[in-house]
Amino acid sequence: DAKTTQPTSMDCAEGRAANLPCNHSTISGNEYVYWYRQIHSQGPQYIIHGLKNNETNEMASLIITEDRKSSTLILPHATLRDTAVYYCIVRVAGRSQGNLIFGKGTKLSVKP
Amino acid sequence: AAGVIQSPRHLIKEKRETATLKCYPIPRHDTVYWYQQGPGQDPQFLISFYEKMQSDKGSIPDRFSAQQFSDYHSELNMSSLELGDSALYFCASSVRDRVLGYTFGSGTRLTVV
């Protein structure tokens, strides 16, 4: 599975959009981009995933560049409860799926 | 909605003892994964099972073993416990052939004293 690079930490004001970047320049054509988050000592929580199109769900939006070498997770209106470590992971999904391998995520601190 | 259930939530063991952690996946999920997260560390993949067969192996010590039973629940057995085994242990489940994300349980906090 391709390696990802994320900023170590980011701050965001409550109510503002949080934009979390991720570089995955060695991503293969059959690898998806997944985002998970982990609130302190809780189990990781799935947020969103995408292959090449932008995706949106009730939690977040995922913007993937046309060359697929980077992506951005957007939390449109961050709240204090969004303070967590956010992991960007690329992996093959479906029949030949790879395992979910966590790297160093981004610690997002949402401040009042 | 049903989630991934792990038991126990907390466990304290002495060095050289054994421990068994249990995981009950979401109904109809056919794949179970185990992760270990030490203090201040990121989750590390240990092992996975698909349809009761070991599917993949990560950084699982030889002192640990796991299996998935006919009802799809899984157990992680840890022997000759060491202080360094103190960690959070997460189980996750998924449907293998789908691209949906894993669902994680709340974890078992193991403390070895």
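Labels below follow one simple rule: chain letters A, B, ... track the order of the sequence lines, proteins then strands, and each chain is numbered from 1.
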> I'd like to know if A/Leu62 and A/Leu108 are part of one continuous hydrophobic network [Ile/Leu/Val/Met/Phe/Trp/Tyr, side-chain heavy atoms within less than 4.5 Å].
yes

> For A/Tyr36 versus B/Gly101, what's the shortest heavy-atom pair and its separation?
OH-CA, 3.2 Å

> Of all heavy-atom pairs between A/Leu100 and B/Phe45, which one has the smallest distance, and what is that distance?
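Reported closest heavy-atom pair: O-CB, 4.4 Å.
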
> Tell me whether B/Asp62 at atom CG has more than 12 heavy atoms from other residues, nucleotides or ligands lying less than 6.0 Å away.
no

> Mind checking which of residues 42-53 of chain A sit less than 4.5 Å from chain B, heavy atom to heavy atom?
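Residues of residues 42-53 of chain A touching chain B at under 4.5 Å: A/Gln42, A/Gly43, A/Pro44, A/Tyr46, A/His49.
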
> Shared ILVMFWY cluster between B/Phe64 and B/Leu83, side chains joined below 4.5 angstrom?
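In one cluster with B/Phe64: B/Leu83, yes.
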
> As a test of understanding, state which of B/Tyr35, B/Tyr33, B/Phe90, B/Tyr102 forms a ring-ring contact (aromatic ring centres under 6.0 Å, His included) with A/Phe102.
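The residue from B/Tyr35, B/Tyr33, B/Phe90, B/Tyr102 that satisfies ring-ring contact (aromatic ring centres under 6.0 Å, His included) with A/Phe102 turns out to be B/Tyr35.
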
> Are B/Phe104 and B/Leu110 grouped together when hydrophobic residues (ILVMFWY) are joined by side-chain heavy atoms under 4.5 angstrom apart?
no

> My understanding is that only residues two or more places apart in sequence, or in another chain, count here; which of them pass side chain to side chain donor-acceptor pair (under 3.5 Å) with B/Ser7?
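With neighbours one apart ignored, the set is empty.
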
> Do the side chains of B/Leu46 and B/Leu21 join up, straight or via other hydrophobic residues, at under 4.5 Å, putting them in one cluster?
yes

> For the CD atom of B/Gln37 and the OG atom of A/Ser41, what is their distance to the nearest 0.5 Å?
7.0 Å

> Above 12 or not: heavy atoms from other molecules or residues under 6.0 Å from NZ of A/Lys107?
no

> Determine whether B/Leu76 and B/Leu11 fall in the same hydrophobic cluster, where Ile, Leu, Val, Met, Phe, Trp and Tyr are linked whenever their side-chain heavy atoms lie under 4.5 Å apart.
yes

> Closest heavy-atom contact between A/Tyr87 and B/Asp42?
OH-OD1, 2.7 Å

